[in-house]
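Take a look at the structure set out below.
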Amino acid sequence: MLRTAAEIQEPHEPAAHPYGPASAFTSLHEHCPVPRADVPKAGAANRLFLCEMTDRTL
């Protein structure tokens with residue numbers, strides 16, 4: 001990706017790539033915060049899994 005961005009002279013492209021997942025995660029976290037006492041363990045595990053996958057993606 002870096003090579004392509006340099007070839008087409010668009011240095012903002014590598015920074016734009018993680019923007020989508022980061023924006024989606026922020027929106028999700030605002031509506032479904034991970035650390036909540038009223039969330040069943042299965043739901044909390046799913047939220048933590050989404051956090052981990054977003055971390056790996058970014």
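Between E52 and R56 there is a salt bridge, since a side-chain N of the basic residue sits under 4.0 Å from a carboxylate O of the acidic one.
The distance from atom CG of L28 to atom CZ of R47, rounded to the nearest 0.5 Å, is 7.5 Å. Here the straight-line distance linking atom OG1 of T57 with atom CG of L50 works out to 10.5 Å at 0.5 Å rounding.
Nearest heavy-atom pair across F25 and T54 is CD1-OG1, 3.5 Å.
At least one side-chain heavy atom of H31 sits less than 4.5 Å from a side-chain heavy atom of S27.
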